[in-house]
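Keep in mind it's a predicted model, so treat the numbers as computed, not measured.
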Amino acid sequence: MTLEQAALPYPPEALEPHIDATTMNIHFGKHHVAYITNLTKALETAKIQTSNVVDLISDLSKVPADSLAAIRNNGGGHVNHTWFWQWMAPAGSGPSAPEGKLGEAIQSSFGSVDDFKKLFGEAATKRFGSGWAWLIVKKDGKLAVTSTPNQDNPLMKGLVPDTDLGTPILGLDVWEHAYYLKYQNKRPDYITAWWNVVNWTAVAKGYEAAKA
């Protein structure tokens, strides 16, 4: 079994000045690679063979107890980062705000795009320590903003509270390794800058897929 890391869909410097190239190179080339390496080892130890890590982390109930933490953390890290790279794109390369059915759903759910960004930003800012902020599609098809600690993911049934379960269509990494070189301790500045590189086209496709 070989787990592969998909190539970045843009050069590491393409998100400048909002996300710097040095951070991207370390984040993609070191941190994400470490999750894949450690997940591979954990799966070998647990004698689990799978190429679908999304399905794996969605139901960890059959994972041996002594391998659960390693697979939860590294499996989540691999999935979260694989999506994270796709949820970003060079500023100006696509829509600057959610459009179409996604835009309508965000306005219907949160009042306005600005109200959504405020709620999402609060979830990202208030996440203590390391973790993620998410926009998810819940089982009933409604949108919700939530956050998870560490590398947990809103798909993780039995580990994430039922109220926070759903299909992620946008996520923001608020681990310090995602922003500290450029923004130091100013997480809110990082969050504000990140909106400039959100790939709303990819988010819209994820929304349509989650609703199907």
Is the closest side-chain heavy-atom distance between [X] and [Y] below 4.5 Å?
| X | Y | value |
| --- | --- | --- |
| Lys101 | Glu208 | yes |
| Tyr190 | Glu176 | no |
| Ser147 | Trp132 | no |
| Pro9 | Gln86 | yes |
| Asn153 | Trp134 | yes |
| Trp83 | Val54 | yes |
| Leu165 | Leu155 | no |
| Tyr179 | Lys186 | no |

Quick one: [atom1] on [X] to [atom2] on [Y], what's the gap to the nearest 0.5 Å?
| X | Y | atom1 | atom2 | value |
| --- | --- | --- | --- | --- |
| Leu68 | Leu159 | CG | CG | 6.0 Å |
| Lys182 | Asp20 | NZ | CG | 6.0 Å |
| Arg72 | Asn74 | CZ | CG | 12.5 Å |
| Leu56 | Thr50 | CG | OG1 | 6.0 Å |
| Leu3 | Thr40 | CG | OG1 | 4.0 Å |
| Glu122 | Lys117 | CD | NZ | 14.5 Å |

| query | More than 12 non-hydrogen atoms from neighbouring residues, nucleotides or ligands closer than 6.0 Å to CG on Asp162, yes or no? | reply |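 No, the 6.0 Å shell around CG holds no more than 12 heavy atoms from other groups.
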
| field | Close aromatic pair by centroid cut-off 6.0 Å: Trp87 and His81 | value | no

Over all atoms of both residues, closest heavy-atom pair of [X] and [Y]:
| X | Y | answer |
| --- | --- | --- |
| Ala178 | Thr23 | O-CG2, 3.4 Å |
| Thr125 | Pro188 | CG2-CG, 4.2 Å |
| Ile48 | Ile71 | CD1-CD1, 4.1 Å |
| Phe120 | Leu170 | CE1-O, 4.3 Å |
| Gly171 | Trp194 | O-CZ2, 3.6 Å |
| Ile57 | Met156 | O-CG, 3.3 Å |

[X] and [Y]: side chain donor to acceptor below 3.5 Å:
| X | Y | value |
| --- | --- | --- |
| Asp189 | Thr192 | no |
| Gln151 | Asn80 | yes |
| Ser112 | Asp114 | no |
| Trp85 | His32 | yes |

| remark: Only one of Asn199, Val198, Thr201, Val203 passes side-chain contact (heavy atoms from CB on, under 4.5 Å) with Pro95, and that residue is Thr201

Are any side-chain N or O atoms of [X] and backbone N or O atoms of [Y], one a donor and one an acceptor, separated by less than 3.5 Å?
| X | Y | value |
| --- | --- | --- |
| Asn73 | Ala69 | yes |
| Ser108 | Glu104 | no |
| Lys138 | Thr163 | yes |
| Ser67 | Pro64 | no |
| Gln5 | His78 | no |
| Asn25 | Ala21 | yes |
| Asn196 | Ala193 | yes |
| Arg187 | Val174 | yes |
| Trp175 | Asn150 | yes |
| Asp152 | Thr148 | no |

| task | Please name all residues satisfying side-chain hydrogen bond (donor to acceptor under 3.5 Å, both in side chains) with Trp200, sequence neighbours left out, ordered by chain then number. | result | none

| said: Please determine whether residues Val137 and Val113 belong to a single hydrophobic cluster, defined as Ile, Leu, Val, Met, Phe, Trp and Tyr linked transitively by side-chain heavy-atom distances below 4.5 Å. | reply: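 Linked, Val137 and Val113 end up in one cluster.
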
| Angle class for the His177/Tyr35 ring planes (parallel below 30°, perpendicular above 60°, tilted otherwise)? |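 Plane angle between 30° and 60°, so tilted.
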
| task | Kindly determine whether Trp195 and His18 satisfy side chain to side chain contact (heavy atoms under 4.5 Å, CB included), including the steps that lead there. | result | CA-CA 9 Å; Trp195 289 115; His18 311 291; over 6 Å; no

| Residues Ile26, His31; criterion side chain to side chain contact (heavy atoms under 4.5 Å, CB included); working and verdict | CA-CA 7 Å; Ile26 296 172; His31 290 282; 3.8 Å; yes

| Stepwise side chain to side chain contact (heavy atoms under 4.5 Å, CB included) test for Leu43 and Gln49 | CA-CA 7 Å; Leu43 291 175; Gln49 291 193 356; over 6 Å; no

| request: Show your working on side chain to side chain contact (heavy atoms under 4.5 Å, CB included) between Leu143 and Tyr207 and close with a plain yes or no. | output: CA-CA 9 Å; Leu143 294 176; Tyr207 175 67; 3.9 Å; yes

